[in-house]
Amino acid sequence: MTLPITEGRLDPLPDWLTAQPARAVIAALEAAGGLGCARFVGGCVRDTLLGRADQVTDVDIATPLTPPQVTAVLEAAGLRAIPTGIEHGTITALSGGRTYEVTTLRRDVETDGRRAVVAFTDDWGEDAARRDFGLNALYADPDGTLHDPTGGGLDDVVARRIVFVGDPETRIREDYLRILRFFRFLSRVGNAAQADPAGLAACAKLKDGIAGLSGERVQQELFKLLGAPNPVPAVRLMAAAGVLGEVIPQFRETGLFTELVASDALADEISDPLLRLAGLIGQASGAETAKQLRMSNEDRNRLLACTSGFGRFTQDMADADARRAIHRMGRPAYRDQIRLSWAYQPQDPSDWKRLLDLSDWSPPPFPLSGEDIMALGVPEGPGVGAVRKAVEQWWIDGDFRATPEQALAFARTVAANLPS
């Protein structure tokens, strides 16, 4: 792998680093602390070295300036300073419509596996030593000069190794979420087949600590992992290490998850983590999984719909039957079920593609109103509902083709046969 580096500098400089809003934040910090008091850090540097500079969306900046100093210099420069994580030293700078997280260099004073009490420092090495992995502990000056305080971060990027900074068990005990981050970065950056043995062993040994994490944090990391282009090797490694069972007790090896990742059914939305989660738990209790992961009501209902029954559709389903299903369950749920059914029954894809394309269809408006029915002499009340229900079923059975005139004529026949 050839890194975009010339003599220890990023070359060429990425757009996110040279953008005017970023320069404005750096200039404000340097006005107080001088040159070298602000460095870009973490994912933006890592992803640029991996050739993904165009995918960088979050830009983090580290500085020895304290949060009050950061706030003062940003506001003096006409930039907004938002105290988004001030107890951990983070001020969000708003510049040119973009946000930049500016965090004071830190060292851990106390940790409990979920959160840390930090003290501020001016030592870049101390700040790097508390980070999770070597490739996330890389810094870049505004001119692109790279800094690797741990001494192994650049080598880890070249080899795409996910290696904890220092002792793996110590890093994990500081925050058990790092177990999930280990597998997440394996799926997105590294190679699960060559996972660091010491890191993997530490994750397996300390997996019980995951139970103490909030469901929201676990869900966020799990969805990032499942959203990788091919998370199958990392997920299999998680299962073998006993970690997946801690995250999703309902997990079972159905093979559907692997098929979902490989299936052309996801060609246009290959990184749908919720659908892949459904593949991991099969027809187990989606309600329990949703509760454990503290999912939103919308996501919970979608997961329950996905796990309510796989293979309910077959590839020879007629277009008219597909349209009836869309009318009954809605387009999003229909699309999910087609994709699940396709992965569950991976046969000739042509019919599956036909059924998937039909998810763009929307049912026309029902051609009859309550007023139309009452105009036929049906008194307001249960009779109107009975007529409407009969006409709607007739309209659905006719593939939604009936005109208002035809619907009214059928309604007249139904009304005439209502019990007096």
Side-chain angles (χ1 to χ4, degrees), residues 250 265 272 274-275 277-278 281-342 344-345 351-352 354-420:
Q250 295 78 25
D272 189 327
L274 191 143
L275 203 64
L277 175 60
I281 64 176
Q283 294 180 335
S285 175
E288 288 300 313
T289 299
K291 180 179 179 180
Q292 182 168 353
L293 297 178
R294 299 295 296 273
M295 297 172 71
S296 67
N297 288 337
E298 180 181 357
D299 284 349
R300 174 187 179 277
N301 292 339
R302 184 183 172 207
L303 183 65
L304 290 178
C306 287
T307 58
S308 63
F310 298 137
R312 66 165 60 182
F313 297 140
T314 58
Q315 65 183 64
D316 59 355
M317 181 168 61
D319 288 5
D321 291 330
R323 284 189 283 268
R324 281 193 283 273
I326 293 170
H327 177 263
R328 181 181 70 254
M329 65 195 331
R331 288 192 296 173
Y334 167 85
R335 184 176 182 85
D336 282 345
Q337 284 297 333
I338 290 296
R339 292 150 79 194
L340 286 165
S341 296
W342 184 350
Y344 193 68
Q345 307 165 85
D351 274 330
W352 287 122
R354 168 182 62 84
L355 294 172
L356 201 58
D357 288 343
L358 278 170
S359 65
D360 292 331
W361 176 82
S362 294
F366 182 59
L368 208 59
S369 68
E371 289 77 10
D372 293 331
I373 296 172
M374 287 188 288
L376 298 175
V378 179
E380 185 175 1
V384 174
V387 173
R388 178 186 169 87
K389 182 178 180 181
V391 175
E392 184 174 23
Q393 188 59 56
W394 168 83
W395 174 66
I396 293 170
D397 291 343
D399 201 14
F400 310 93
R401 299 179 186 277
T403 65
E405 293 76 17
Q406 291 170 328
L408 191 61
F410 185 74
R412 185 176 288 109
T413 300
V414 174
N417 289 285
L418 285 176
S420 54

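Since the model is a prediction, treat every value here as computed from it, not as a measurement.
- For the pair Arg302 and Asp272, the salt-bridge criterion is met [side-chain N within less than 4.0 Å of a carboxylate O].
- With sequence neighbours excluded, no residue forms a side chain to side chain contact (heavy atoms under 4.5 Å, CB included) with Pro332.
- A search for side-chain hydrogen bond (donor to acceptor under 3.5 Å, both in side chains) contacts involving Asp316 returns Thr314, not counting sequence neighbours.
- Listed by chain and number, the residues in a side chain to side chain contact (heavy atoms under 4.5 Å, CB included) with Pro404 are Pro367 (sequence neighbours excluded).
- A search for side chain to side chain contact (heavy atoms under 4.5 Å, CB included) contacts involving Asp397 returns Gln393, not counting sequence neighbours.
- Screening residues 373-394 for salt bridge (charged side-chain N to carboxylate O under 4.0 Å, His left out), with sequence neighbours left out, gives no hits.
- Put simply, CD on Gln315 and CH2 on Trp352 are 6.0 Å apart, with the number rounded to the nearest 0.5 Å.
- Side-chain contact between Leu340 and Phe313 is absent, with no heavy atoms from C-beta onward closer than 4.5 Å.
- For Ala411, the side chain to side chain contact (heavy atoms under 4.5 Å, CB included) partners are Leu368, Leu376, Val387, Val391, not counting sequence neighbours.
- Put simply, the side chain of Ile338 does not reach to within 4.5 Å of the side chain of Leu358, judged on heavy atoms.
- Rounding to the nearest 0.5 Å gives a distance of 11.5 Å between OG1 of Thr307 and CD of Glu288.
- Listed for the Gln250 side chain is no donor-acceptor partner under 3.5 Å among the backbone atoms of Ala287.
- Of all heavy-atom pairs spanning Trp394 and Gln406, the tightest one is CH2-O, 3.6 Å.
- When all heavy atoms of Arg335 and Ser359 are compared, the closest pair comes out as NH1-OG, 3.0 Å.
- Looking at every heavy atom in both residues, Cys306 comes nearest to Leu274 through SG-CD2, 4.5 Å.
- For the residue pair Ala305 and Gln337, the shortest heavy atom distance occurs at O-NE2, 2.7 Å.
- Taking each heavy atom of Ala415 and Val378 in turn, the nearest pair found is CB-CG2, 3.6 Å.
- By the salt bridge (Lys or Arg N to Asp or Glu O under 4.0 Å) test, Asp299 pairs with no residue at all, sequence neighbours left out.
- Among all heavy-atom pairs drawn from Pro379 and Val384, the shortest one is O-CG2, 3.4 Å.
- Here Phe400 pairs with His327, Trp361, Trp395 under the ring-ring contact (aromatic ring centres under 6.0 Å, His included) rule; sequence neighbours left out.
- Scanning for side-chain hydrogen bond (donor to acceptor under 3.5 Å, both in side chains) contacts around Asp357 gives an empty result, with sequence neighbours left out.
- Taking CD1 of Ile326 as the reference point, atom CG of Asp321 lies at 11.0 Å (rounded to 0.5 Å).
- Interatomic distance, Leu303 CG to Leu275 CG, rounded to the nearest 0.5 Å: 9.5 Å.
- Under the side-chain hydrogen bond (donor to acceptor under 3.5 Å, both in side chains) criterion, Arg323 pairs with Asp399, not counting sequence neighbours.
- The CZ atom of Arg412 sits 12.0 Å away from atom CD1 of Ile373, with the distance rounded to the nearest 0.5 Å.
- Among residues at least two apart or in separate chains, side-chain hydrogen bond (donor to acceptor under 3.5 Å, both in side chains) pairs with a member in residues 368-377 are Ser369-Glu371, Ser369-Asp372.
- Taking the side chain as every heavy atom from C-beta outward, Val414 and Phe410 approach each other to under 4.5 Å.
- Checked against side-chain hydrogen bond (donor to acceptor under 3.5 Å, both in side chains), Arg354 has the following partners two or more places apart in sequence or in another chain: Asp319, Asp351.
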